[in-house]
Amino acid sequence: MSTATEYAVAALIVLGALFVLLGSIGLARLPDFLTRLHGPTKATTLGVGALLLASAIFFSTRPDRGVSLHELAILFFLFITAPVTAHLLAKAALHRQAKARDGEQRTTADREKARSAPESPLG
């Protein structure tokens, strides 16, 4: 393996580790669900992608092996599934928040209606 390839692999590993660390810190430190979702889906996906790319380069440049396709397949599925999963989680969270907000409004409206309605002689 050439020196330039070794430097490229080392740089990708360091870059990937920094992105994974940044995404993990974002997951731990951000205040609510939607902002916590942003850190891992963006930064951690890039970090794991850089690590997989470094692994693919390392194993592809070895003299006894050909092109390493396992890491590229994982990278492809990661970049396809991570944004879709994040979108579905965010959509479910927004739907759940809207449903809770509508439930509170209905409850308040029902209370107002019950207060303003005349009392029934039957009950």
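Quantities reported herein were computed from a predicted structural model and do not represent experimental measurements.
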#### Entry: Sequence neighbours excluded, every pair satisfying side-chain hydrogen bond (donor to acceptor under 3.5 Å, both in side chains) that has a member inside residues 52-61
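Only Ser55-Glu71 qualify under side-chain hydrogen bond (donor to acceptor under 3.5 Å, both in side chains).
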
### Query
Val9 and Leu52: same hydrophobic cluster, using ILVMFWY side-chain contacts below 4.5 Å?
yes

### Message
For residues Leu53 and Val48: do they belong to one hydrophobic cluster (side chain heavy atoms under 4.5 Å, members Ile, Leu, Val, Met, Phe, Trp, Tyr)?
### Response
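Linked within one cluster.
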
### Query
Counting distance only, does the side-chain N/O of Thr41 pair as donor-acceptor with the main-chain N or O of His38 below 3.5 Å?
yes

### Query
Between Val84 and Thr81, does a side-chain contact (heavy atoms from CB on, under 4.5 Å) hold up when you go through it step by step?
CA-CA 5 Å; Val84 172; Thr81 58; 5.7 Å; no

### Message
Distance check, rounded to the nearest 0.5 Å: Leu37 atom CG versus Thr85 atom OG1?
### Response
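Answer rounded to 0.5 Å: 9.5 Å.
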
#### Entry: Test applied, side-chain contact (heavy atoms from CB on, under 4.5 Å); reference residue, Phe76; option that passes from Leu78, Ile80, Ile74
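Among the candidates, only Ile80 passes.
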
### Query
Less than 4.5 Å apart, any side-chain heavy atom of Ile13 and any of Leu51?
yes

Identify each donor-acceptor pair in which a side-chain atom of residues 18-35 lies under 3.5 Å from a protein atom, sequence neighbours left out, and give them as a table.
| residue | atom | partner | partner atom | Å |
| --- | --- | --- | --- | --- |
| Ser24 | OG | Val20 | O | 2.9 |
| Asp32 | OD1 | Thr35 | N | 3.4 |
| Asp32 | OD1 | Thr35 | OG1 | 2.5 |
| Thr35 | OG1 | Asp32 | N | 3.4 |
| Thr35 | OG1 | Asp32 | O | 3.1 |

### Contacts of Thr3 that satisfy side-chain hydrogen bond (donor to acceptor under 3.5 Å, both in side chains) - sequence neighbours left out
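Result, side-chain hydrogen bond (donor to acceptor under 3.5 Å, both in side chains) vs Thr3: none returned.
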
